[in-house]
Amino acid sequence: MLDIKVIREREQDVRRALEQRGMGVQLDELLALDQRRRDLLSEVERFKCERNASSREIGQKKKSGADASAEQQAVREMGDRIKALDEQVREVQSELHEKMLQVPNIPHVSVPVGEDASENRYPRSWGEPRAFDFEPVPHWVLGDKLGLFDFERATRMTGAGFPLLRGQAARLQRALIQFMLDVHTREHGYEEILPPFLCNQEAMTGTGQLPKMAEDMYYVGLDNLYLIPTAEVPVTNIYREEIIQQPLPIALTAYTPCFRREAGAAGRETRGLNRVHQFDKVEMVKFVVPETSYDELEKLLHDAEDILQRLELPYRICELCTGDLSFAAAKCYDIELWAPGQRVWLEVSSCSCFEDFQARRAGIRYRDAQGKVRYVHTLNGSGVALPRLMVAILENGQQPDGSVKLPEVLRPYMQGCDRLTVPPTLAMKEN
RNA sequence: GGAGAGGUGGCUGAGUGGCUUAAAGCGGCGGAUUGCUAAUCCGUUGUACGGGGUCAACCCGUACCGGGGGUUCGAAUCCCCCCUUCUCCGCCA
């Protein structure tokens, strides 16, 4: 959420910044509501001041035994007016609040201006795509050979887009989670969190999923809870409505499943594990003082990159332009892995700085050196998402015989196993 | 799911209708003093919103004692509903 005072005082700047996002925002309406709210507040507070004074007088009079029934009558009538005005204030306030929740964050000055993804920048990349002396195949072909996935049966029990991993794939996924958490906790200084996988409406509003993304989430109506689309939600909301007492920055990492309805995405790049409704992810979340947030964003990005470098997977960094930036972000880098079997780049991480946008919604504050209460800056990034990481490992590590050579660094996590091979049961079927 | 007991500031903890502007202590911040890794003494101490202002380190007002309603001239205090924590019982991986 933006600060209404900032909108009031720097209307033109805000207007320009939001236009760069390609979103029409009704600032006039917001400012009119704000004016109305302030007028009403002035009025009702004047009455309340008067009532407080009169009540004190009545108390004095009664104590000294005098009659105060005339005054009581007057104050009672004033009370009716106050009640009516309070009601109006509440209405205007909640309407303003609803509207404010719909306004996206202002992009940071360093964000390239552009209309859509075609104007994103690619400042750098890491690693050389492997040169194949045979034709690399997509991961779903490898999956068939190695018995990794069972999409058909998963569809029967749940529906399309809910992957079922078997045998070596399930174990590899578990190994990857363990590996990433170990690197983040032991070497990057994050505290490991295992949060709830369902959150309430307040938490979802705090990080910005609600109200705009409601139809992208799974909702459990009976209990009024949402399945988390990312660990960002429960982990960022750890400090909701708090003044954080411990020193900043705070760096947290969490493994969770993620649930996304992906409304409107049906049929697009949905083959295999490319885009699914349920997936696992290791997430990083930071709470920092405002002065350091963009340095922290670079560090966060490097922490995610470090995972991919250790896994020896070539990637490129994408700097999102204003038109492609998500609702709550002020700046965002994506990391894209090369998938040689499909000849596409797949997004495995999104590292964002939200400045005080989420903190303001969620009421997350700290005390600065002078003891003043201020909003923290929040950041988060995937470190990283599992399905597409799995895709890249499979497609990059594939051998002519259909087996998959695993990154060296995973060996301790795979009981020394260094490749995925055709299981005996499947091999027999082929012969 | 049932019964009982709780929820007060950064923390501990008083407070059963108006001198509560939330006591006291701890912690924090500022100062004084002291030859020793500290003690002692003094002062200070919340948040949000609105208004004013030499637009700041200030002043005025309003609200805030888990959340929401109600009673009252006046509510931390009385009443109702909800949330939540703890204990016991039931159910259960």
Side-chain angles (χ1 to χ4, degrees), chain A residues 1-11 30-101 194-206 220 222-226 234 237-248 250 257 287 289 356-376:
Chain A
M1 191 157 58
L2 302 181
D3 186 349
I4 185 69
K5 284 184 199 153
V6 171
I7 298 180
R8 214 143 69 195
E9 283 152 25
R10 294 172 40 211
E11 186 188 338
L30 288 174
L31 290 167
L33 276 169
D34 177 51
Q35 186 59 52
R36 172 120 181 88
R37 165 179 147 274
R38 286 186 293 155
D39 291 345
L40 283 168
L41 270 181
S42 291
E43 197 181 351
V44 74
E45 283 180 4
R46 246 198 331 273
F47 281 124
K48 283 181 179 174
C49 181
E50 217 177 301
R51 176 175 68 179
N52 289 344
S54 301
S55 288
R56 266 191 295 273
E57 276 175 37
I58 292 168
Q60 295 294 328
K61 270 199 167 184
K62 285 199 151 185
K63 192 162 273 180
S64 61
D67 175 63
S69 50
E71 287 90 337
Q72 286 187 31
Q73 179 59 28
V75 175
R76 192 177 303 135
E77 279 161 21
M78 197 186 301
D80 295 339
R81 252 148 106 195
I82 289 173
K83 196 178 271 186
L85 280 170
D86 266 341
E87 182 56 33
Q88 284 185 58
V89 170
R90 213 181 355 259
E91 276 169 25
V92 171
Q93 209 132 254
S94 85
E95 194 182 345
L96 178 61
H97 187 71
E98 288 305 308
K99 294 238 153 61
M100 288 294 291
L101 288 178
L194 205 154
F197 300 157
L198 287 87
C199 281
N200 60 27
Q201 187 184 318
E202 288 75 22
M204 289 294 173
T205 306
V220 183
L222 198 58
D223 296 290
N224 200 17
L225 293 170
Y226 297 83
N237 276 284
I238 287 175
Y239 296 108
R240 193 167 76 84
E241 301 302 334
E242 278 192 39
I243 300 168
I244 297 178
Q245 296 303 317
Q246 56 196 283
L248 299 178
I250 294 171
F287 304 84
V289 299
D356 66 4
F357 188 84
Q358 292 182 324
R360 191 178 295 280
R361 287 175 159 244
I364 307 171
R365 291 148 297 162
Y366 76 106
R367 279 182 206 283
D368 67 14
Q370 284 72 45
K372 258 197 86 67
V373 174
R374 299 169 68 193
Y375 287 111
V376 300

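Values below: every heavy atom of this structure, side chains too, minus hydrogens, waters and symmetry copies. We name chains A, B, ... by the order of the sequence lines, and we start the count at 1 in each one.
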Just how far, in rounded Å, is C1' of B:G28 from NZ of A:Lys372?
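Whole-Å distance recorded here is 16 Å.
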
Separation of A:Asp80 atom CG from B:G70 atom P, in whole Å?
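Atom CG in A:Asp80 sits about 12 Å away from atom P in B:G70.
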
Output yes when A:Arg46 and A:Glu50 qualify as a salt bridge under the 4.0 Å nitrogen-oxygen rule, no when they do not.
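Salt bridge absent between A:Arg46 and A:Glu50.
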
OP1, OP2 of B:C73 versus side-chain N and O of A:Arg51: anything below 4.0 Å?
no

Would you say a side-chain N or O of A:Asn52 is under 4.0 Å from OP1 or OP2 of B:G74?
no

From C-beta outward on [X], which listed nucleotide comes closest to its side chain: [options]?
X: A:Lys62; options: B:U47, B:G18, B:U71; result: B:G18
X: A:Ile243; options: B:G10, B:U62, B:G51; result: B:G10
X: A:Ile58; options: B:G10, B:C73, B:C49; result: B:C73
X: A:Cys49; options: B:A63, B:C73, B:G61; result: B:G61
X: A:Val75; options: B:U47, B:G50, B:C73; result: B:C73

Who does B:G46 pair with, Watson-Crick or G-U, both distances under 3.5 Å?
B:C64

What does A:Arg46 touch in the nucleic acid at a heavy-atom separation under 4.0 angstrom: a base, only the sugar-phosphate, or nothing?
nothing

Check whether the side chain of A:Gln245 and the base of B:G10 form a donor-acceptor pair under 3.5 Å.
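Counting by modelled atom types and ignoring angles, no donor-acceptor contact under 3.5 Å is found here.
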
A:Arg361 side chain to A:Thr205 main-chain N or O, any donor-acceptor pair under 3.5 Å?
yes

